[in-house]
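First comes the structure, then the notes that go with it.
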Amino acid sequence: MSAATELTYLVSTALFIFSLKWMSDPRTARRGVLAGVVAMVLAVAGTLIHHEIITYRWIVVAFVLGAIAGVPLSWVPLTAVPQRTALSHAFGGLAAGLVGTAKYYLWLPTGELTKFRMAAIAIEILLGYLTCTGSLMAAGKLQEVLPTRPITYRNQNFINFGLIGLAIVIAVWLVFDPSRSYLFPMLIALALIFGVLLILPIGGADMPTVISLLNSYAGLAAVAMGFVMENKLLITAGALDGSSGLILSIIMCRAMNRSFTNVLFGAFGQVQAAAGVAEQRTAKSATPEDAAQILQNADSVVIIPGYGMAVAQAQHRIRDLYEHLAKRGVDVRFAIHPVAGRMPGHMNVLLAEAEIPYDRLVEMDDINPDMGQVDVALVVGANDVVNPAARHDERSPIYGMPIIDADKAKTVMAIKRSMNPGFAGIDNELYYADNTLMLFGDAKAVVGDLVKQMAGETIH
Amino acid sequence: MSAATELTYLVSTALFIFSLKWMSDPRTARRGVLAGVVAMVLAVAGTLIHHEIITYRWIVVAFVLGAIAGVPLSWVPLTAVPQRTALSHAFGGLAAGLVGTAKYYLWLPTGELTKFRMAAIAIEILLGYLTCTGSLMAAGKLQEVLPTRPITYRNQNFINFGLIGLAIVIAVWLVFDPSRSYLFPMLIALALIFGVLLILPIGGADMPTVISLLNSYAGLAAVAMGFVMENKLLITAGALDGSSGLILSIIMCRAMNRSFTNVLFGAFGQVQAAAGVAEQRTAKSATPEDAAQILQNADSVVIIPGYGMAVAQAQHRIRDLYEHLAKRGVDVRFAIHPVAGRMPGHMNVLLAEAEIPYDRLVEMDDINPDMGQVDVALVVGANDVVNPAARHDERSPIYGMPIIDADKAKTVMAIKRSMNPGFAGIDNELYYADNTLMLFGDAKAVVGDLVKQMAGETIH
Amino acid sequence: MSTEFISALFVFMLATFVGLDVIRRVSRLLHTPLMSLTNAISAIAVVGAILLAGEAETPLSTTLGLIAVFASTTNIVSGFLITDRMLKMFKKREPRS
Amino acid sequence: MSTEFISALFVFMLATFVGLDVIRRVSRLLHTPLMSLTNAISAIAVVGAILLAGEAETPLSTTLGLIAVFASTTNIVSGFLITDRMLKMFKKREPRS
Ligand SMILES: NC(=O)c1ccc[n+]([C@@H]2O[C@H](COP(=O)([O-])OP(=O)(O)OC[C@H]3O[C@@H](n4cnc5c(N)ncnc54)[C@H](OP(=O)(O)O)[C@@H]3O)[C@@H](O)[C@H]2O)c1
Ligand SMILES: NC(=O)c1ccc[n+]([C@@H]2O[C@H](COP(=O)([O-])OP(=O)(O)OC[C@H]3O[C@@H](n4cnc5c(N)ncnc54)[C@H](OP(=O)(O)O)[C@@H]3O)[C@@H](O)[C@H]2O)c1
């Protein structure tokens, strides 16, 4: 690497760090993106000026094609963001894997394959290809082109661990004798297969956790590539990435009060589905008219959105509702549970899309103390995140998961289509509480009706 | 460097980082020290196993002597901590300077002095020797063996900048032609002299700021040494150190609402001393009896310690006072101003020494909102940090410096020996306020009397 | 183990420290954009891909390299674009008033 | 400029990032102990001093090295001891009850 290139890499690294630093606050976040872009441009430029680069034409072609493919990928609706992320992790993993593969076959004949390089390559391709197929599976499950429910079979974990064990043995073997080139394709194959098997038993709703785990794998693959190519930029950027993925998945697990192992091997969302038999208690339901009345007469309303709002794309209607109530001087806040929806921060993005100012969004820990004073808690397509069982019922699969105390509000109104359980597949006593009124129907439709009611009244 | 050494260095670096991380909380802080010790031991051990080391005997001797000199240095009374720190910065700077010097004369004949190495050496010795003499001066002023008031003369800044400019010119010259060995001693001399001149115009009470600035210089000198010796551990540890010193001095400047330049070239504490002529207003003073009465009948008391408490070593008496009042069910809290005393966190350490539980110590920003409800604010040897002028008097030299709003308390009692001004050398209207009672005398004595009063009463 | 390797380790360790610290302080509000931002950053693999494709040592390496370049570029472009698109939506002041 | 130098720069930059982040989060309560802890850490110069003294290339270098070792050791010992002494004092629970 020439000094020029190395220095560019240095600057690029610094910019990547600032890019992430600036994400700590919505006001600086876009600057963060800019920094990231500049950093990436510098990285590419610095690499292109590297003397050993001889052919540019094809690279440019690849750039152009990549851009052409990339732009539409950025147009996906926000509900499809998880899939998109998964998909591009697949690309990232693939890239890492391919580079590792090529390096192996380049160095094999020339005998440049030191033990150390071989080890790095082995790690790179394992992580790379595993991430590739794994992410594809995840994307498939999220897009529901694949069955989202966990697919399990006897000795599943045994088989998985067997596979990965075998892969490691082969990797070690290669490290000590890189010339056994017939082992290399086997390694690749194992990585690809393992990626698939790893995701099979994981329920669709656990995908976000898995995705950010895959994100950190992709990062680590880049780090390994950095060790292979003795390239510091790859190492730093990869490390930033790896830690990010790791922390996000930890946050999600904590917020669900579950362990990594439980997420990865627990086949969650299947066993419990059985437990989802609702005892025959009766839930009171209300008409949009009544609901609109109650809302308008309230002093303070807390809206608790959940996955259902995302599915129904109800955020814009909710914005209208929010404005109607605000006009009437009702104090409206939104209570955001860290794992409401299907990815971290899911609700924030949707509500932001509907131009609801983010200073109206309150985090769980900040709103819970006030819930007692709230007149109306309007639950829009949320279920597990407001399930009181998490507080008191040891036997419940979500016991211990922190929830939003909607039940403490004077009146609770819950919008959902049926009495069906949510992601955790368990019944929710909140709906049977005396102070709860159900509003059955698609979230978008129901909220729409509420707004009509109010609009109607404001007219005559 | 052998791989073994390098790896030890890697671990050592990690430990240094954790050592600082653990300082973020008093509960883990001591573990932090342990980590630091282990890291240092590893660093030394890793270096000793370095193959090129041939003589050990003398090194051991140096270790022993160093330890012998070091232990007593750690016994100094807490009020002398700033001096001690300054003194050992002097040692640190000296070490860096000497190593740089030696390296120069080692490489000079062998022609190993690349431009880059020469530059690194130049920076190392400049910072090193400057830190050495500068810290000695600082220590002298703090110990008051040197006049603490700023020493100024005409064109002072002009001369200082001239000197440093000259030093830089010489350094650059050496970089381009290291063989001009006669320049090297001049560089050393200039660094040494500059260190002295830099501190001369700075008032004794500004020393803490200067010390932590010197701390970061010492760190940067170590970094430069790291570049000279191509030693990563020196670079990382030095960088940690450099950033620490920098941040601490920034915090202090902020808390005094002053700029670096003002601290370094403002000759603070001299000009204002002139302005310290108190207009003839009368301050009410009270007897210990009255004071004890008032304190016992209060529901809530906030004690605001300042530099005077440190000088008088009154913290133990204050502990007694605290316990007497606590026994009587009075709610006693301590309001800690970030720059009360003469070094950051000065008050915390003294009060901790007196075994006052640290959950009773409240930071300025947290206590100020409550000051309005407080019955008695007991100011013990604090002055500037409770001077209301900082809030409203544009012309005051401390205008804009955040203060503890003692004046808002229902009753204020101020313990000090006279009406003399404090560090900033300005009059304090608080003492003339209607709700203020002065308790004249040495803090230790006065608080002692207060305690006696209460003890007395508790008996009969 | 070369010094080159150890200094790589140093860089890796320090970068991880930085990463963990920085990410921990990202506002919850922005976790979804963060995911796609880091996703774009992970496309840094493009560097390795370019080197591979550009040095054009064997047809195999060049082709694999080019595919990798293509794949990573897609991530870079889509990743940054969508992140910015999401962030554009976050508004503090009331929209219409 | 050798790669060795640049990777040194990398290490320096990253370490600074870490340092600034870590120090910023040190509790105000502990700023005095922090000062003496970092003061002890700055005695890392002992590493350079040992190398210098140990390689014993010229009398001059050895002597200077030894003095440096002495000076830094003093800092290490006194720095860590006094820091710990101060920290021992910080108690949360009420002393006598
Ligand atoms: N956010 C993350 O990062 C993340 C990651 C992994 C797992 N998870 C899990 O996902 C769950 C999120 O909880 P949540 O309360 O937000 O969602 P939830 O528990 O999955 O419940 C969603 C509810 O919305 C209702 N719904 C679905 N479509 C609807 C529509 N079109 N209109 C109205 N209602 C609709 C469903 O009831 P009906 O079918 O009766 O309408 C369902 O009960 C948690 O269990 C969390 O652990 C989250
Ligand atoms: N903490 C830091 O890091 C730091 C760093 C640099 C500068 N400073 C500066 O230091 C000052 C600290 O403010 P401060 O209010 O704590 O102290 P101060 O403003 O210096 O006032 C101390 C007061 O204590 C009194 N005093 C001295 N000896 C005493 C004794 N034996 N018994 C009783 N009273 C005694 C003095 O009045 P009498 O003479 O009448 O007794 C004096 O007015 C601020 O101006 C700050 O900017 C602090």
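So you know, we letter chains A, B, ... as the sequences are listed, proteins then strands, and number each from 1. In what follows, every heavy atom counts, from backbone to side chain, and hydrogens, waters and symmetry copies are set aside.
- Here D:N39 is the residue among D:T16, D:V22, D:D84, D:N39 with the most heavy-atom pairs under 4.5 Å with chain B.
- Judged by distance alone, the side chain of D:T32 and the main-chain N or O of B:P344 form a donor-acceptor pair under 3.5 Å.
- Heavy-atom distances place the side chain of B:Y105, and not its backbone, under 4.5 Å from chain D.
- Side chains of D:L37 and B:L20 form a contact here, defined as non-hydrogen atoms less than 4.5 Å apart.
- Only the side chain of D:V46 comes within less than 4.5 Å of a heavy atom of chain B; its backbone N, CA, C and O stay farther away.
- Within the 4.5 Å cutoff, the side chain of B:Y9 has heavy atoms near those of the D:V47 side chain.
- Looking only at heavy-atom pairs under 4.5 Å with chain D, the residue among B:W58, B:W22, B:Y56 that has the most is B:W58.
- Contact detail for B:T55 and D:A53: the closest heavy-atom pair is OG1-O, 3.6 Å.
- Minimum heavy-atom separation, B:K232 to D:V11: CD-CG2, 3.6 Å.
- Using cut-offs of 30° and 60° on the angle between ring planes, the pair B:F227 and D:F12 is perpendicular.
- Of all heavy-atom pairs spanning D:T73 and B:A62, the tightest one is OG1-O, 4.4 Å.
- Counting heavy-atom pairs closer than 4.5 Å to chain B, the top residue among D:T83, D:L29, D:L64 is D:L29.
- Ranked by heavy-atom pairs under 4.5 Å with chain B, the first of D:G19, D:A15, D:S78, D:G65 is D:S78.
- In this structure, the portions of D:L34 lying under 4.5 Å from any heavy atom of chain B include both its backbone and its side chain.
- Looking at D:T74 and B:S88, their side chains never come closer than 4.5 Å, going by heavy atoms from C-beta outward.
- Looking at B:L361, only its side chain comes within 4.5 Å of chain D, counting heavy atoms on both sides.
- Heavy-atom distances place the backbone of B:P208, and not its side chain, under 4.5 Å from chain D.
- Contacts of B:V76 with chain D are made by both backbone and side-chain atoms, with heavy-atom separations under 4.5 Å.
- With 3.5 Å as the limit, one finds no donor-acceptor pair spanning the side chains of B:S74 and D:R85.
- Side-chain N or O atoms of D:R28 include none that pairs as donor or acceptor with a backbone N or O of B:E363 at under 3.5 Å.
- Residue B:V223 touches chain D through its side chain alone, counting heavy-atom pairs closer than 4.5 Å.
- By number of non-hydrogen pairs under 4.5 angstrom with chain B, the leading residue of D:L81, D:T63, D:I50 is D:I50.
- Both the backbone and the side chain of D:I41 have a heavy atom closer than 4.5 Å to some heavy atom of chain B.
- Contact of B:D25 with chain D is made through the backbone alone, with heavy-atom distances under 4.5 Å.
- Contact detail for B:M23 and D:L30: the closest heavy-atom pair is O-CD1, 3.1 Å.
- Proximity to chain D is limited to the side chain of B:A222, based on heavy atoms less than 4.5 angstrom apart.
- At a 4.5 Å heavy-atom cutoff, the contact between B:I251 and chain D is made by side-chain atoms alone.
- Using a 4.5 Å cut-off on side-chain heavy atoms (C-beta onward), D:V26 and B:I247 make no contact.
- Scanning all heavy atoms of the two residues, the minimum distance from B:M225 to D:G48 falls at SD-CA, 3.9 Å.
- Heavy-atom minimum distance, D:N75 versus B:F91: OD1-CB, 3.5 Å.
- More than 12 heavy atoms of other residues, nucleotides or ligands lie within 6.0 Å of CH2 in B:W107, so this atom counts as buried by the packing criterion.
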